[in-house]
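These values consider heavy atoms only, across backbone and side chains, with no hydrogens, waters or symmetry-generated copies. Ligands are counted one by one from 1 in listed order, and the atoms in each one are counted from 1 as well. Everything quoted here is computed from the prediction, not taken from an experiment.
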Amino acid sequence: MRIIYSDTHKLHNPRFEIYDGKKTPMPEIAKRAEGVIKELALRRLGQIQAPAAFNISNIYAVHSRQYVNFLRRSSNIDAGEDFYPSYFISDTYAPLTKGTFQASIQAVNCALTGANCLLNGETLVYSLCRPPGHHAEHSSMGGYCYFNNAAIAANFLSTHGRVAILDIDFHHGNGTQSAFYNRDDVLFVSLHADPKRRYPYTSGFTQENGVGQGYGYNINFPLKLSTSDEEYLQILESAIAEIRLFEPDFLVVSAGFDTFEGDPIGGLKLTLSVYPKIAAAISNLNCRTIIIQEGGYNTEQLPHMVADFLQSFQPG
Ligand code: OKP
Ligand code: ZN
């Protein structure tokens, strides 16, 4: 397995998020990725490789030029503290710091480098992207996300074959869903907490099935907050069955570990022992796979969850 990582993510270091009008400590911190890469190196899970640079046109395929330019310009402002723009933002969970643009570009490069490895015959790649991406939409940042790493990688791969995206983060990947909502060549399947109860609140419902040509190629599995390991694995099998029917050439996994019962901001009733089982179930698809890091905020357990997950993933 290849592992793609760059420590440029450290340049993105917001101190707080605004929750209910109050500044609260930011859970999406550099320590998350630092802990993960350390554990993967310790376990010798694969060759760790720095990302290559890719053309900006890969980003323009998913995000508007106006938005990309706005992010470039505004994250260069050194306001002395975290800065919340008034435009191109969909909630109060995407602060800008001086290095946000640079870090976000490198996260995209990690995803694209991983995707490119699949084109070069690699069967399994893990891209340790930070900041995460699945809430970033065509023209907006939100939910700790700036560029949609998974959507950009999936779109890149879609010129070489059929792509399925499986999003297992606790939160619905609204950005990824909307990027492919009208397309039948990229399937989006997501398991996430019931959006009636949890962020992002306005998307992730069962009746969102896609539009036009894309109708039938968007499948949401909202979960009750009390979902247990067994219940989760059972619903995951239905999601995997949908992916199998689609017969993808490539699988993109938006891997969030905030479904863990001990997660400080997410948390279903999932225990640490479920992650190897989730990995084993997904790898049964026997498909060239890129795993892209999304959420997971229990900084103490995250390295173990990711490493256990990757260790149980049998390359397709
Ligand atoms: C990003 B990803 C709690 C409110 C947090 C934003 C959640 C963003 C999650 N203080 N709401 O999907 O893990
Ligand atoms: Zn999440």
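In summary, an N, O or S atom of D169 is located under 2.8 Å from the Zn ion (ligand 2). For the Zn ion (ligand 2), the N/O/S atoms of H192 include none lying under 2.8 Å.
Counting heavy atoms of neighbouring residues, nucleotides and ligands inside a 6.0 Å radius, atom OH of Y215 does not exceed 12 of them.
Using 4.0 Å as the threshold, T24 has no heavy atom nearer than that to any atom of ligand 1. Residue E28 places every heavy atom at 4.0 Å or more from ligand 1.
Shortest distance from the Zn ion (ligand 2) to H171 is reached at ND1 (N/O/S atoms only). The Zn ion (ligand 2) sits nearest to atom OD2 when only the N, O or S atoms of D258 are considered.
When non-hydrogen atoms are compared, ligand 1 lies under 4.0 Å from neither the backbone nor the side chain of E294.
Here the heavy atom of the protein found nearest to atom 3 (C) of ligand 1 is E17 OE2, 3.6 Å.
Geometrically, ligand 1 and Y93 share no nitrogen or oxygen pair separated by less than 3.5 Å. Residue contacts with ligand 1: H171 is placed with a nitrogen or oxygen under 3.5 Å of a nitrogen or oxygen of the ligand (distance criterion only).
When side chains are defined from C-beta on, F188 counts as touching N220, because their heavy atoms get closer than 4.5 Å. In this structure the side chain of P95 reaches within 4.5 angstrom of the side chain of M26, judged on heavy atoms.
In summary, of the residues considered (Y146, F88, F147), a ring pair (Phe, Tyr, Trp, His ring centres under 6.0 Å) with H63 occurs for F147 alone. Of the residues listed (N116, I3, I4), the one engaging V125 in a side chain to side chain contact (heavy atoms under 4.5 Å, CB included) is I4, and it is the only one.
Under the 3.5 Å distance criterion, the side-chain polar atoms of S57 are left unmatched by any main-chain donor or acceptor of Y60. Side-chain N or O atoms of S127 include none that pairs as donor or acceptor with a backbone N or O of C129 at under 3.5 Å.
Within ligand 1, counting atoms from 1 as listed, the ones closer than 4.0 Å to a heavy atom of D258 are 13 (O). Every atom of ligand 1 is numbered from 1 in the order shown, and the set under 4.0 Å from a heavy atom of H134 is 2 (B), 12 (O). Annotation for ligand 1: atoms under 4.0 Å from non-hydrogen atoms of G143 are 1 (C), 8 (C). For ligand 1 and H135, the ligand atoms under 4.0 Å from any heavy atom of the residue are 1 (C), 2 (B), 9 (C), 12 (O). Near G295, meaning under 4.0 Å from any of its heavy atoms, are these atoms of ligand 1: 13 (O). Residue Y19 has at least one heavy-atom neighbour below 4.0 Å for each of these atoms of ligand 1: 4 (C).
Here atom 8 (C) of ligand 1 lies nearest to Y144 when heavy atoms of Y297, Y201, Y144 are compared.
Ring to ring, Y144 and Y297 are close: their centroids are under 6.0 angstrom apart. Aromatic rings of F257 and Y275 (six-membered ring for Trp) have centroids within the 6.0 Å cut-off, being under it. Checked against the 6.0 Å centroid criterion, the rings of H135 and Y199 qualify as a close aromatic pair.
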Quiz prompt | Stepwise side chain to side chain contact (heavy atoms under 4.5 Å, CB included) check, L223 with L191 | solution = CA-CA 7 Å; L223 308 170; L191 273 71; 4.2 Å; yes
